[in-house]
Amino acid sequence: MKQRSAYIVGVAESDLGITPQHSPLSLQAQAALRAIADAGLALSDVDALFTAGDWARHPSASLAEYLGIQPTWTDTTNIGGASFEAHVGHAASGIASGRFDIALITYGSTQRSEGSRKRPRTVEYGTQFDQPAGLPVPVGAYALAATRHMHEYGTTSEQLAEVAVAAREWAALNPAAWKRTPITVEDVLNSPLVSDPLHVLDCCLVTDGGGALVVVAEDRLADLEARVPVQVLGHAETSTHYSISSSPDLLNIGATRSGAQALQRAGVSLGDVDVAQLYDSFTITVLLTLEAIGFCRPGEAGDFVSDGRTRPGGPFPLNTSGGGLSHCHPGMYGIFLMIEAVRQLRGDCGARQVEGAEVALVNGTGGNLSSTATVILARAAK
Amino acid sequence: MTAIVPLMQIVDEYSKPFWSGLAECELRLQRCQSCGNHVFYPRGLCPNCHSTVLEWVIASGRGVIYSHTVVRRPAPIFRNDGPYVVALVDLVEDVRMLMRVDGLAPESAQVGLEVEVIFVEVDGRNMPRVRPVNRETRS
């Protein structure tokens, strides 16, 4: 029996930036209604509900209650920023097996307005042993990876800064981006150090915001007027550790496996990818992901992002919304990577459109380089 | 020194010997009796071979810096401290721990530096840190 393919037919962001008038639930409802409208569906059509976040004890039940729906499949997988790439994969799997037809994936956070990032984290069993060291997480964890990358490969602060400069150039083309004023490598290096070698401008933003995706089974497409359905061609995920001190291989993140598996399942090669959306919690995250997925060899990502390769107009369009570094970052950015990838494949990106984009690769990285989820998307032939 | 936010422990039969050891200036590690690996952090099974037959040993206290960072915005527990060095330390027993490095100027931190475990009182309890083995490196 042929397994049914899954298509993303609705995407939307909620209000972004600083939104004290919202709660995480109202942001999710706003994004959900917009994405459902984008799909040409009704909220009551949703069978399966996916969300993640610590704003409720039972997030999916609370969200379903708020929305006034009664899903028969829910999933609150939380692997940090990569959660929403995993949710797309899980939705595609459920659709393939025939369990449900229409899935809604939502995210919302008011971490900026709440000031919740400044509060100490609850201690857990594993992390209690890290506590006496006083490492700020996650930034300190990523800083440790950056130091090691510099030691092993000679990567420089300037090369890390390139990632931030390129993100800002894409953000300048995105009216929804929070930070749009161009920056230089020097600006990044002059911004205060947070945890050496990472400067403020090496780190993602702290904003409010939310988003939603609608994923449907292929047999529903005929009923919808989706202009350009985007097919979920392949997906994979992995978790290698949680705390940075337990990472089995600091510079070899799980995207090595999830990237290869997603591509293999999609039946595409790296050369087929027209546009990449790679989680950019920190500049180092992008370098590690480029290497893990194989866009360049280990140690070569610093060179890879130099000479404007990933900037608008360059040969490797990357994080075209401005990313977590410049577009927004309410705590878990993954849903925005998916939204941007879909818009690129639809041809809806205006000034930042990658010409002829047909295949996109999206990689989420969550926790302390802990978990990854990779999704391959393709513009559906009509 | 006094931490501003108290350090918390989650004590079960596997973590308890570790925390008790610190009070006696001992860094205790588990060792798997099936595969021989040392285990950190302590738990109910060996994460390498999944055996539940584990014993406790006292670590030598010697290790090497695998990576390091300088914390410029102190963690809540050290809110009043100036910049300090934190390292991933590979102990000779082949386990990796996150440790604050005392007695090392931030600009002197380097991968490969040999360090030794020391015990520093925080909030009335001993906590493990490391310092350079080489006295000349110590600041």
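Below, read A as the first sequence line, B as the second, and so on, with proteins coming before strands; counting in each chain starts at 1.
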A.B. asks: Under the salt bridge (charged side-chain N to carboxylate O under 4.0 Å, His left out) rule, what pairs show up with a residue in residues 134-145 of chain A, not counting sequence neighbours?
C.D. replies: none
A.B. asks: More than 12 foreign heavy atoms under 6.0 Å from CG of B/D94: is that the case here?
C.D. replies: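 Atom CG in B/D94 is not packed in, count stays at 12 or less.
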A.B. asks: Does any part of the side chain of B/S15, heavy atoms only, come nearer than 4.5 Å to the side chain of A/Q128, both counted from C-beta?
C.D. replies: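 Yes - at least one pair of side-chain heavy atoms lies under 4.5 Å apart.
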A.B. asks: Measuring from atom CD of B/Q9 to atom CD of A/Q131, what distance do you get when rounded to the nearest 0.5 angstrom?
C.D. replies: 7.5 Å
A.B. asks: I need the residue from A/D130, A/V194, A/L193 with the largest number of non-hydrogen atom pairs under 4.5 Å to chain B.
C.D. replies: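 With the most close heavy-atom pairs to chain B, the winner is A/V194.
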A.B. asks: Taking all non-hydrogen atoms of both residues into account, name the closest pair between B/A75 and A/G134 and its distance.
C.D. replies: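 Taking B/A75 first and A/G134 second, the nearest heavy atoms are CB-O, 3.4 Å.
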A.B. asks: Quick check against the 3.5 Å criterion: does B/S67 have a side-chain atom that pairs as donor or acceptor with the backbone of A/L144?
C.D. replies: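 Present.
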A.B. asks: Between A/F129 and B/W19, how do the two ring planes meet: parallel, tilted or perpendicular, split at 30° and 60°?
C.D. replies: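 Judged by the thresholds at 30° and 60°, the geometry between A/F129 and B/W19 is parallel.
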A.B. asks: Distance alone, cut at 3.5 Å: any donor-acceptor contact between the side chains of B/T69 and A/S195?
C.D. replies: yes
A.B. asks: Sort B/P42 into side chain, backbone, both or neither according to what part of it lies under 4.5 angstrom from a heavy atom of chain A.
C.D. replies: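 Both backbone and side chain.
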A.B. asks: How far does CZ of B/R72 sit from CG of A/L198, to the nearest 0.5 angstrom?
C.D. replies: 12.0 Å
A.B. asks: Could you tell me which portion of A/S243 (side chain, backbone, both or neither) has an atom closer than 4.5 angstrom to a non-hydrogen atom of chain B?
C.D. replies: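 Answer is neither: A/S243 stays 4.5 Å or more from chain B.
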A.B. asks: Counting only heavy atoms not in B/R62 (residues, nucleotides, ligands), do more than 12 fall under 6.0 Å from its CZ?
C.D. replies: no
A.B. asks: Taking side chain as everything from C-beta outward and backbone as N, CA, C, O, which of these in B/Y84 sits under 4.5 Å from a heavy atom of chain A? Side chain, backbone, both or neither.
C.D. replies: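 Contact with chain A involves the side chain of B/Y84 alone.
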A.B. asks: Drop me the distance from B/L88's CG to A/T147's OG1, to the nearest 0.5 angstrom.
C.D. replies: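 So the gap between those two atoms works out to 9.5 Å.
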A.B. asks: In chain order, what residues pass the ring-ring contact (aromatic ring centres under 6.0 Å, His included) check against A/F304, with sequence neighbours excluded?
C.D. replies: A/F316
A.B. asks: Would the number of heavy atoms belonging to other residues, nucleotides or ligands and lying under 6.0 Å from CD of A/E158 be above 12?
C.D. replies: yes
A.B. asks: Decide if atom CZ of A/R297 counts as having more than 12 heavy atoms of other residues, nucleotides or ligands within a radius under 6.0 Å.
C.D. replies: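 Count not over threshold, so no.
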A.B. asks: Any chance you could measure B/M8, atom CE, to A/R121, atom CZ, to the nearest 0.5 Å?
C.D. replies: 15.5 Å
A.B. asks: Give, as side chain, backbone, both or neither, the part of B/M99 having an atom under 4.5 angstrom from any heavy atom of chain A.
C.D. replies: backbone
A.B. asks: Would a 4.5 Å heavy-atom cut-off, applied to side chains only, mark B/V111 and A/M150 as touching?
C.D. replies: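 With C-beta onward as the side chain, the pair stays apart.
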A.B. asks: For the residue pair A/P136 and B/V71, what are the closest heavy atoms and their distance?
C.D. replies: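 Minimum heavy-atom separation between A/P136 and B/V71: CD-CG2, 3.6 Å.
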A.B. asks: Just checking B/R125: does its CZ atom have more than 12 heavy atoms from other residues, nucleotides or ligands closer to it than 6.0 angstrom?
C.D. replies: no
A.B. asks: Most heavy-atom pairs under 4.5 angstrom with chain A, which of B/V89, B/V95, B/V86, B/V11?
C.D. replies: B/V86
A.B. asks: Please look at B/Y66 and chain A and tell me whether the side chain, the backbone, both or neither of the residue comes under 4.5 angstrom of a heavy atom of that chain.
C.D. replies: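 Looking at B/Y66, backbone and side chain both touch chain A.
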A.B. asks: Do other residues, nucleotides or ligands put more than 12 heavy atoms under 6.0 Å from the CG atom of A/D249?
C.D. replies: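 It does: A/D249 CG has more than 12 such atoms within range.
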A.B. asks: So do B/F40 and A/S245 actually touch side chain to side chain, heavy atoms under 4.5 Å?
C.D. replies: no
A.B. asks: Hey, which of B/V85, B/D12, B/V130 has the most heavy atom pairs under 4.5 Å with chain A?
C.D. replies: B/D12
A.B. asks: If you count the non-hydrogen atoms of other residues, nucleotides and ligands that lie under 6.0 Å from CZ in A/R119, is the total more than 12?
C.D. replies: yes
A.B. asks: If you count the non-hydrogen atoms of other residues, nucleotides and ligands that lie under 6.0 Å from CD in A/E152, is the total more than 12?
C.D. replies: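 More than 12 heavy atoms, drawn from other residues, nucleotides or ligands, come within 6.0 Å of this atom.
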